[in-house]
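No hydrogens, no waters, no symmetry mates; every other heavy atom, side chains included, goes into these values. Note that the structure is predicted; figures quoted are calculated from it, not measured.
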Amino acid sequence: MNQEHDAQLPPVSARAEIARRKMLTAALDVFGRYGFDGASTRQLTEAAGVNLQAIPYYFGSKEGLYLATAEYLMARIDTHVGDMRARIGAHLLALDAAGERLAEAEARRFLTEILQTMVTLFVGKESESWARFLIREQMEPTEAFTRVYQGIMRPMIEMGRRLIGAILREDPGSEHVRLRTFNLLGSILVFRVTHAAVLAQMEWDAVGPEQVDTLRGLAAELVDLLGPPRGGAA
């Protein structure tokens with residue numbers, strides 16, 4: 001949310017912060033299921049267990065709540081990937097400052113860590129509402145997509161490109177590396193996006209700790225298989 005909107009919010013008390021968080025959690029689910037236009041203010045407030053005046057009081061408007069929900073989603077994802085992103089990013093910056101190249105083995109180790117973190121994050125129950133919200137924004141982008149993309153998605157994608165470029169020995173900005181990056185990320189996200197089909201095909205009742213370990217192993221395998229195309233770079 002922007003500073004102008006923040007300045008309009010009432011003083012934050014512990015009780016108010018709890019109510020606000022309840023609204024954001026509920027809004028993430030409701031907006032994910034019905035979209036911005038399909039979700040009514042009554043649905044949003046009833047899901048959160050608050051009165052209708054809570055939306056204008058805390059967020060100014062339904063649109064304000066929607067944008068705040070996008071930023072809340074960013075914050076939730078960042079609690080899982082923020083430290084990892086900062087650590088890997090700092091290492092890459094140190095290499096750049098020293099004029100040193102990223103070693104392939106190190107790139108594979110970092111990339112494996114990122115993909116395994118994504119597995120743990122996106123196949124869990126908590127991420128169901130996240131996926132619905134993000135898929136809607138992918139199909140019909142709004143200002144919410146811009147914020148999520150710039151704040152979370154773009155930094156992680158560009159870090160992935162840097163690592164994959166080192167493994168493929170190609171320019172991270174090349175079209176080929178960009179495509180390989182999305183291909184690899186998609187190989188993980190498919191387990192959330194096609195969740196029902198995965199359960200049916202794998203004959204799993206649910207995705208529990210054992211299944212997560214299996215998918216984390218698959219993530220490591222995908223990184224191991226990553227290499228330059230036969231005959232050189234595309």
Within a 6.0 Å radius of atom [atom1] on [X], are there more than 12 heavy atoms belonging to other residues, nucleotides or ligands?
| X | atom1 | result |
| --- | --- | --- |
| Glu143 | CD | yes |
| Asp224 | CG | yes |
| Glu126 | CD | yes |

Can you give me the closest heavy-atom contact between [X] and [Y], atom names plus distance?
| X | Y | result |
| --- | --- | --- |
| Arg161 | Gly173 | NH2-CA, 3.4 Å |
| Ala144 | Leu67 | N-CD2, 3.8 Å |
| Leu168 | Pro228 | CD2-N, 3.6 Å |
| Val30 | Ala39 | CG1-CB, 3.7 Å |
| Val198 | Val190 | CG2-O, 4.3 Å |
| Thr120 | Arg216 | OG1-NH1, 3.0 Å |

[atom1]-[atom2] distance between [X] and [Y], expressed to the nearest 0.5 angstrom:
| X | Y | atom1 | atom2 | value |
| --- | --- | --- | --- | --- |
| Thr181 | Ile164 | OG1 | CD1 | 3.5 Å |
| Arg33 | Leu28 | CZ | CG | 10.5 Å |
| Met159 | Leu92 | CE | CG | 6.0 Å |
| Glu221 | Leu115 | CD | CG | 12.5 Å |
| Arg42 | Leu52 | CZ | CG | 5.0 Å |
| Met118 | Leu184 | CE | CG | 8.5 Å |

field: Ion pair check, Arg136 and Glu140, cut-off under 4.0 Å
entry: no
Output every pair passing salt bridge (charged side-chain N to carboxylate O under 4.0 Å, His left out) with a member in [range], not counting sequence neighbours, ordered by first then second residue.
| range | value |
| --- | --- |
| residues 97-107 | Glu104-Arg108, Glu104-Arg169, Glu106-Arg109 |
| residues 81-96 | Asp78-Arg85, Arg87-Glu113, Asp96-Arg162 |
| residues 172-186 | none |
| residues 51-62 | none |

Is there a side-chain contact between [X] and [Y] (heavy atoms, below 4.5 Å)?
| X | Y | answer |
| --- | --- | --- |
| Phe191 | Phe122 | no |
| Glu137 | Tyr149 | no |
| Leu226 | Leu111 | yes |
| Leu134 | Leu73 | yes |
| Leu163 | Ile114 | yes |
| Thr45 | Asn51 | no |
| Leu65 | Phe31 | yes |
| Glu71 | Leu24 | no |

task: Taking ring pair (Phe, Tyr, Trp, His ring centres under 6.0 Å) as the test, write out the residues that go with Phe133, two or more places apart.
output: Tyr66
So, [X] side chain and [Y] main chain: donor-acceptor pair closer than 3.5 Å or not?
| X | Y | answer |
| --- | --- | --- |
| Glu158 | Pro155 | no |
| Ser174 | Glu170 | no |
| Thr25 | Lys22 | no |

message: Going by side chain to side chain donor-acceptor pair (under 3.5 Å), name the pairs with one or both residues in residues 188-204, residues two or more places apart or in two chains.
response: Ser127-Arg192
field: Worked verdict on Leu199 versus Val207 for side-chain contact (heavy atoms from CB on, under 4.5 Å)
entry: CA-CA 8 Å; Leu199 292 182; Val207 178; 3.9 Å; yes
Give a yes or no on whether [X] and [Y] share a hydrophobic cluster (residues Ile, Leu, Val, Met, Phe, Trp, Tyr; joining criterion: side-chain heavy atoms under 4.5 Å apart).
| X | Y | answer |
| --- | --- | --- |
| Phe182 | Val119 | yes |
| Leu218 | Met202 | yes |
| Ile188 | Ile135 | no |
| Leu179 | Leu185 | no |

- prompt: Would you say the side-chain atoms of Ser40 and Tyr34 include a donor-acceptor pair closer than 3.5 Å?
  reply: no
- prompt: Should His91 and Phe110 be marked as a side-chain contact (heavy atoms from CB on, under 4.5 Å) after you check the CA-CA gap, both sets of side-chain angles, and the distance that decides it?
  reply: CA-CA 10 Å; His91 183 76; Phe110 286 145; 3.5 Å; yes
